[in-house]
Amino acid sequence: MLVLGIETSCDETAAALVESSAFAPGATSGASAERWAIRSNVVASQVDIHREWGGVVPELASRQHVRDICGVVERALADGRAGWADVDALAVTQGPGLVGSLLVGVSFAKSAAWALGKPLVAVNHLAGHIESIWLEHGPIPLPAVVLVVSGGHTSLYLVTREGEYTLLGRTRDDAAGEAYDKVAKLLGLGYPGGPIIDGLAQQGNDVAIRWPGTRLTNPDRNAPERDGRFDFSFSGLKTAVLRHVRERQSVLGAEQLPREEIVDLAASFQRRVVETLIERTFSAARWHGAKSIGIAGGVSANSRLRQEALAKAERSEIPVYIPRLALSTDNAAMIAAAGMRQLALGRIAPPDLNAAASLPL
Ligand code: KG4
Ligand code: ZN
């Protein structure tokens, strides 16, 4: 079974070929006998276009997807030494994401599937991030608690059966990656902020600044049925950083903080974000009796998060699984993998499939 995955939810145009062997249609329980292999994984990043504006400009993003999609798909086929006739099914990100960007991938995938007479499956971008863990590591011990931490999301899921996800908690305001991007912008460091702050943090003192704590005691107004104990909030920390920077700017009488202060701020900020992510993920895992933990999404590329999660895994004897960097940030191999799950369940997308900017998972 060879699946062509297509991903255009934000500012990366991506296509990938993933092959599965021992494909068992209708298999719904237990560890699957399926093995996934990445035949190709092509990502055209638009970061250079959006950097100039300090963040993703939706209209520029969709226009660039239109320019890139054909070339990216052709390259994925060529890298995987496959032709259109070898593709058994297509998988495309339906949402969540920028609607104009999503529409490029969805329209392309629907046309290609129709022209080839091959099935198309619709994939939730977050399911793609979750499945990047299985794509990298194969079956992991279940039940698993999975943290999806990216520029748009910070959510915890319980996976009791492969391909089934129950939301345990999520951010009430900013996503962790969004907090990184906003803090980097505030410090005049550029876009995307995550990798820049991660790099600077390694040179700074992580206890130089003490940030006020965040405590969530009330349930989420938008989801009162969840008790909210595994929710996140990063806007308080972001505001504390803003206040600190404004104060220092007025004391120094200058817009730009000295480099020593920036690296200390980056290290202290990163320490707080990573501590919060790890604390909540491990307590959710303990609470739900998880046999393993997965961490996926763009922020799982963070060096401190990776190191500390793996160190804590050894101490607490819950194994932690994180995909390699190329599968952490947005890619289409994870979309093809999540598509395999949909195919196994026979969930084929209808011909009138539409993009869904706030598709829930
Ligand atoms: O998953 P992703 O590629 O796209 C979304 O679905 O949002 O995640 C992008 C996010 C950005 O906010 C970026 O700043 C963050 O991931 N990121 C990082 C690192 N690398 C990427 N955040 C912290 N440390 C990193 N090393
Ligand atoms: Zn993503």
Side-chain angles (χ1 to χ4, degrees), residues 5-14 16 41 43-47 50-51 54-56 58 61 93-98 101-102 105 123-133 135 146-155 157 170-171 174-187 189-202 204 206 232 234 237-238 266-267 269-278 294-309 322-335 337-338 357-359 361:
I6 293 172
E7 151 67 39
T8 62
S9 67
C10 190
D11 60 344
E12 267 104 18
T13 317
N41 192 14
V43 179
S45 170
Q46 304 178 0
V47 158
H50 301 292
R51 185 174 287 128
V56 178
T93 307
Q94 183 190 8
L98 302 170
S101 294
L102 290 163
V123 169
N124 185 302
H125 182 80
L126 299 177
H129 277 304
I130 295 173
E131 295 301 342
S132 70
I133 295 163
L135 180 58
V146 177
L147 170 69
V148 179
V149 59
S150 69
H153 296 86
T154 303
S155 304
Y157 292 91
R170 65 176 169 207
T171 182
D174 291 356
E178 192 180 356
Y180 266 96
D181 295 339
K182 286 178 177 169
V183 165
K185 195 171 183 177
L186 178 69
L187 294 170
L189 296 174
Y191 174 85
I196 301 171
I197 293 189
D198 191 4
L200 292 172
Q202 290 166 37
D206 65 3
F232 299 91
F234 292 103
L237 174 60
K238 179 192 67 187
F269 168 80
Q270 173 144 299
R271 174 193 168 130
R272 167 55 67 82
V273 173
V274 168
E275 272 175 5
T276 307
L277 293 172
I278 289 187
I295 307 180
V299 182
S300 73
N302 185 266
S303 61
R304 181 164 186 156
L305 179 60
R306 294 175 91 92
Q307 274 162 24
E308 291 201 358
I322 311 175
R324 79 192 82 151
L325 295 185
L327 298 179
S328 288
T329 47
D330 285 351
N331 66 87
M334 69 184 195
I335 302 304
S358 35
L359 187 68
L361 179 70

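All ligand and atom numbering here is 1-based and tracks the order in the structure. Just so we're clear, the structure is a prediction, and the values are computed from it rather than from any experiment.
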Handout entry: Nitrogen or oxygen atoms of E12 and ligand 1 under 3.5 Å apart
Key = no
Practice task
Please work out whether any backbone atom (N, CA, C, O) or any side-chain heavy atom from C-beta onward of H153 is under 4.0 Å from ligand 1, and answer side chain, backbone, both or neither.
Solution key: neither
Problem - For atom 11 (C) of ligand 1, closest protein heavy-atom neighbour - result: D181 OD2, 3.6 Å
Fill in the blank from the handout: A student checking ligand 1 against H129 at a 4.0 Å heavy-atom cut-off should list atoms 1 (O), 6 (O)
Practice task
Give the residue and atom name of whichever protein heavy atom lies nearest to atom 26 (N) of ligand 1, and the separation in Å to one decimal.
Solution key: D198 OD2, 2.9 Å
Handout entry: Side chain, backbone, both or neither: D330 near ligand 1, heavy atoms under 4.0 Å
Key = both
Practice task
Sum up the protein N, O or S atoms located under 2.8 Å from the Zn ion (ligand 2).
Solution key: 3
Completion exercise
ligand 1 to A301, heavy atom cutoff 4.0 Å, flagged ligand atoms 20 (N), 26 (N)
Problem - Part of V299 with heavy atoms under 4.0 Å of ligand 1, whether side chain, backbone, both or neither - result: both
Practice task
Please check if the side chain of D206 supplies one atom and the backbone of G204 the other of a donor-acceptor pair under 3.5 Å.
Solution key: no
Practice task
Examine distances only and state if a side-chain atom of D174 and a backbone atom of A179 form a donor-acceptor pair shorter than 3.5 Å.
Solution key: no
Exercise for the section: Using ring pair (Phe, Tyr, Trp, His ring centres under 6.0 Å) as the criterion, list what pairs up with F269, not counting sequence neighbours. Expected result: Y180
Practice task
Determine the interplanar angle of the H129 and H125 rings, folded into 0 to 90°, and report it as parallel if under 30°, tilted if 30 to 60°, perpendicular if over 60°.
Solution key: perpendicular
Practice task
Please answer whether the main-chain N or O of S9 pairs with a side-chain N or O of S101 as donor and acceptor at a distance below 3.5 Å.
Solution key: no
Fill in the blank from the handout: Nearest non-hydrogen protein atom to atom 9 (C) of ligand 1, with distance, is G151 N, 3.8 Å
Pairs of donor and acceptor atoms involving the side chains of residues 147-154, under 3.5 Å and at least two apart or interchain, shall be tabulated with distances.
| unit_1 | atom_1 | unit_2 | atom_2 | d |
| --- | --- | --- | --- | --- |
| S150 | OG | G152 | N | 3.3 |
| S150 | OG | H153 | N | 3.1 |
| T154 | OG1 | A176 | N | 2.8 |

Problem - Closest protein heavy atom to atom 8 (O) of ligand 1, given as residue, atom name and distance to 0.1 Å - result: G298 CA, 3.3 Å
Problem - Which residue and heavy atom of the protein sit nearest atom 18 (C) of ligand 1, plus the separation - result: G194 CA, 3.5 Å
Exercise for the section: Using side-chain contact (heavy atoms from CB on, under 4.5 Å) as the criterion, point out the one residue from I295, L305, V273 that pairs with I278. Expected result: L305
Completion exercise
Scanning both residues in full, the closest heavy-atom pair of L361 with I130 reads CD2-CD1, 3.9 Å
Fill in the blank from the handout: In ligand 1, the atoms that come under 4.0 Å of a heavy atom of G177 are 12 (O)
Problem - Set of side chain to side chain donor-acceptor pair (under 3.5 Å) partners for S155, sequence neighbours left out - result: none
